[in-house]
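Below: one structure, written as structure tokens.
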2 protein chains.
Amino acid sequence: MEDEVDRLVAAWRRERPDLDVEPLEVLSRVSRLARHLDRARRIAFAEHHLEPWEFDVLTSLRRAGPPYQLSPGQLLTQTLVTSGTMTNRIDRLTKKNLVERLPDPSDRRGVLVRLTAEGRDKADQSLAGLLDQERAILGELSRRQRGELAGLLRQLTAPFDNVPG
Amino acid sequence: MEDEVDRLVAAWRRERPDLDVEPLEVLSRVSRLARHLDRARRIAFAEHHLEPWEFDVLTSLRRAGPPYQLSPGQLLTQTLVTSGTMTNRIDRLTKKNLVERLPDPSDRRGVLVRLTAEGRDKADQSLAGLLDQERAILGELSRRQRGELAGLLRQLTAPFDNVPG
DNA sequence: TTCAAGTGTCTTGACATCAAGATATTGCGG
DNA sequence: CCGCAATATCTTGATGTCAAGACACTTGAA
């Protein structure tokens, strides 16, 4: 089955036959698939009155385990947003009583963000829904193919995840 | 080499051993890699004083071939944004003299967006830069692995690209 | 002990995006 | 040929994001 990237690559080969556009076969697909996934997640979460960004923060805290707290800095590396964005997210989640801010006892510059009971419930409910949706999308692939895909993607993400920046 | 998704999956298996989180091995990596790519593209394009969204629109028109024009609707399916966003993008690119709007001769509701000479130059220059960057990122993989990865991703994107929505 | 560099978080201001609906035009069924 | 649903684009208003820098605290070297 052909996809939009096949058409895009064919167009470039016609218009710019001097360039090697093979990298687009992988990386344009990654970017486009991520946009499709965002849309699908937005629709799925709407049933729980949850935005994708709320899900990202709540589940980061949830999987940290009891007492369900992380510093804003730890949340940054998990969610890949900037510090200003995270401050804003924590403010809004605090207003909705899904998280609370506590002073960090070991560093007076710092803060800890802790999940409330209500926030924990939301995280648990929405995670199950997300996994169902993702399983449906991955139905296209065999178990073996999913494993191969995960391994190839890991090789690309690891360099980003294992440097300071 | 371990990545952030390995840690994320391990955390879920500890906290929610009742759930099958295997789908995250693929789809969380896709989402996170796309965010890393966005950041890297933003930095690379800054040298050309170009934003990623400008690149997306200009190159869509460039690869359409002479006379380098598409309808806003065609640009929507290529860039995966909403119609309001595209109107705004075209407005801003018009102010910068990179595109121009023309009435569609065959449908009076419609408009055609055409690349200016300056816009075409920008598209050509920045595409070469992007491909260099992407080749560096893909250096992790052999040619054979890149082909496998592209094929697996196509199976996931094709259903999204071949339905009306 | 002191101070300079580093770190962690928040503030600010500009801007890009989305959802929903308004407006204009087309083209099909009757 | 008429009327109405479908189509194509734009407008509006709310909101989320980013980059840059401010501020407070910590750390390490002399």
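All figures in this text were calculated on a predicted structure; none of them were measured in a lab. Quick note on labels: first sequence line is chain A, next is B, and so on, each numbered from 1.
- One axis for each end of the helix from dT1(C)-dA30(D) to dG30(C)-dC1(D), each built from five base pairs, and the angle between them comes to 30° at 10° resolution.
- Each of Arg13(A), Arg29(A), Arg32(A) was compared with Asp6(A) under the salt bridge (charged side-chain N to carboxylate O under 4.0 Å, His left out) criterion, and only Arg29(A) meets it.
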Start with the C-alpha gap between Leu156(A) and Val30(A), add the side-chain angles, then the distance that decides, and say whether side chain to side chain contact (heavy atoms under 4.5 Å, CB included) holds.
CA-CA 11 Å; Leu156(A) 296 180; Val30(A) 169; 5.7 Å; no
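- Taking side-chain N and O atoms only, Arg108(A) has no distance below 4.0 Å to OP1 or OP2 of dA24(D).
- OP1 or OP2 of dC10(C) lies within a sub-4.0 Å distance of a side-chain N or O belonging to Arg101(A).
- Applying the 6.0 Å contact sphere to CZ of Arg108(B) captures no more than 12 heavy atoms from other residues, nucleotides or ligands.
- If you check dT11(D), dG8(C), dT26(C) against the side chain of Thr87(B), the one that comes closest is dT11(D).
- Of the residues listed (Lys96(A), Arg92(A), Arg89(A), His48(A)), the one engaging Glu54(A) in a side-chain hydrogen bond (donor to acceptor under 3.5 Å, both in side chains) is Lys96(A), and it is the only one.
- A donor-acceptor contact under 3.5 Å is not formed by the side chain of Thr85(B) with the base of dC18(C).
- Nucleic acid contact for Gly84(B): base, since at least one base atom lies under 4.0 Å from a heavy atom of the residue.
- Comparing dC18(C), dA20(C), dA16(C) by their nearest atom to the side chain of Arg42(A) picks out dC18(C).
- Applying the 3.5 Å distance criterion, the base of dT7(D) shares a donor-acceptor pair with the side chain of Arg109(B).
- Contact between the side-chain N/O atoms of Arg35(A) and the OP1/OP2 oxygens of dC18(C) is found at a separation under 4.0 Å.
- Distances shorter than 4.0 Å separate some side-chain N or O of Arg89(A) from OP1 or OP2 on dT17(D).
- Side chain of Thr82(A), nearest nucleotide from dC10(C), dA16(C), dA19(D): dA19(D).
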